[in-house]
Amino acid sequence: AEKKTKRAVVTSKISFDEIGGQDRAKQEIIEAMDFLIKHEEIKKMGIRPLKGILLTGPPGTGKTLLAKAAAHYTDSVFIAASGSEFVEMYVGVGASRIRDLFKDARSRAHKEGKESAIVFIDEIDVIGGKRDGGQHKEYDQTLNQLLTEMDGIHTGESPRIMVIAATNRKEILDPALLRPGRFDRHIQVDLPDKKGRRHILSIHAANKPLADDVDLDKIAEETYRFSGAMLESVMNEGAIYAMRDGSELIEQKHLALAIDKVMLGEQTDRETTR
Ligand code: ATP
């Protein structure tokens, strides 16, 4: 018997204010959400509904956060899955899980009285890699099912469905996924610049007791190429160093140690996955 994956369905409480930097990506995703909100107008204008948005960019930059904020913004049900969930030994299981995912989205929206549902698929490249004619049959069926589901989304239906997918390997995606009516809107989510890093640091500092000597500008300066996830770790590790030190406040020196730790962790990660 097929094991049913338990899926976390949440009504997202994440707002765009909790996402630091990424001004352009936020703007673009808000614009795309108008397709869900202003659906009547869109229909009147004869505009084809937007079904799929692809978020691309390095790990930990806030792609999942953006999708959650989009769900909150549009008052949609949010259902998340990851490409790796659909990979199974037995042919057909992946495809049937895709079917369940969309079924779930629709029934949850009904149950919770929402007019729309956002289906988020992280690591879309795991199932959406280029099809190579027979080599990976299981993946082919899974991908085909996803395409079928997306082709089946139509304007008049209730709830309205929008699929948001994320990847950090856009170049390996099967072109069939990127065709009009599928993931035809792409939003780049890059590593934050200094201003973005400062913003992200301040978001994650908000619930923490900082000493007067803490200089978030300086930390933003010293964390070149850090992702949002790494910056969140810096603030968290800094708090841990302070606690170990018996200090009630997080000082600049604790955060300096945390930067080194996060940087080193990132390097070891890279070496072990090589
Ligand atoms: P992955 O590609 O690894 O799935 P992702 O781009 O989806 O990563 P998220 O899961 O959204 O990244 O981010 C992970 C965590 O990092 C968030 O829960 C948050 O704590 C922090 N974070 C990442 N980006 C930002 C940001 N722009 N602003 C604030 N926090 C961020």
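Whatever order the structure lists them in is the order used to number ligands and atoms, beginning at 1.
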query = Passes side-chain hydrogen bond (donor to acceptor under 3.5 Å, both in side chains), His72 versus Lys13? Steps please.
reply = CA-CA 6 Å; His72 179 68; Lys13 290 192 184 73; over 6 Å; no
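- Of the polar atoms of Gly62, at least one N or O is found under 3.5 Å from an N or O of ligand 1, judged by distance alone.
- Residue contacts with ligand 1 include Thr61, since one or more of its heavy atoms lies under 4.0 Å from the ligand.
- Closest heavy-atom approach to atom 5 (P) of ligand 1 among the candidates Gln22, Glu18, Lys63, Lys68: Lys63.
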Show me the side-chain donor-acceptor pairs of residues 196-205 shorter than 3.5 Å, one per line, residues at least two apart or across chains.
| unit_1 | atom_1 | unit_2 | atom_2 | d |
| --- | --- | --- | --- | --- |
| Arg197 | NE | Ala220 | O | 2.8 |
| Arg197 | NE | Thr223 | O | 3.2 |
| Arg197 | NE | Thr223 | OG1 | 3.4 |
| Arg197 | NH1 | Pro192 | O | 3.2 |
| Arg197 | NH2 | Ala220 | O | 2.9 |
| Arg198 | NE | Asp217 | OD1 | 3.0 |
| His199 | ND1 | Gly21 | N | 3.0 |
| Ser202 | OG | His199 | O | 2.8 |

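- Contact annotation for Glu232 and ligand 1: only side-chain heavy atoms (C-beta onward) come within less than 4.0 Å of the ligand.
- Looking only at protein heavy atoms, the nearest one to atom 29 (C) of ligand 1 is His204 NE2, 3.4 Å.
- Looking at Ile200 against ligand 1, only its side chain comes within 4.0 Å, counting heavy atoms.
- Closest to atom 28 (N) of ligand 1 among all protein heavy atoms lies Gly20 N, 2.8 Å.
- The protein heavy atom nearest to atom 1 (P) of ligand 1 is Gly60 N, 3.6 Å.
- Of the protein's non-hydrogen atoms, Thr64 OG1, 2.6 Å is the one closest to atom 7 (O) of ligand 1.
- For ligand 1 and Pro59, the ligand atoms under 4.0 Å from any heavy atom of the residue are 2 (O), 3 (O), 8 (O).
- Met162 has its side chain within reach of Met33: a pair of non-hydrogen atoms, C-beta onward, lies under 4.5 Å apart.
- Connectivity analysis of hydrophobic side chains (ILVMFWY, heavy atoms under 4.5 Å, direct or indirect) links Leu257 to Tyr241.
- Ring pair Phe16/Tyr73 is perpendicular by interplanar angle, where above 60° counts as perpendicular and below 30° as parallel.
- For atom 14 (C) of ligand 1, the closest non-hydrogen atom on the protein side is Ala229 CB, 4.1 Å.
- The two residues Ser116 and Ala109 make their nearest non-hydrogen contact at O-CB, 4.3 Å.
- Among protein heavy atoms, atom 18 (O) of ligand 1 sits closest to Leu65 CD2, 4.1 Å.
- Between the side chain of Gln145 and the backbone N or O of Thr142 there is no donor-acceptor pair closer than 3.5 Å.
- Remark: minimum distance from atom 22 (N) of ligand 1 to any protein heavy atom is reached at Gly228 C, 3.5 Å.
- Of the protein's non-hydrogen atoms, Asp122 OD2, 3.0 Å is the one closest to atom 4 (O) of ligand 1.
- In summary, Glu40 and Lys44 do not engage in a salt bridge, as defined by a charged side-chain N under 4.0 Å from a carboxylate O.
- Of the possible polar contacts, none joining the Lys51 side chain to the Phe183 backbone as a donor-acceptor pair under 3.5 Å is found.
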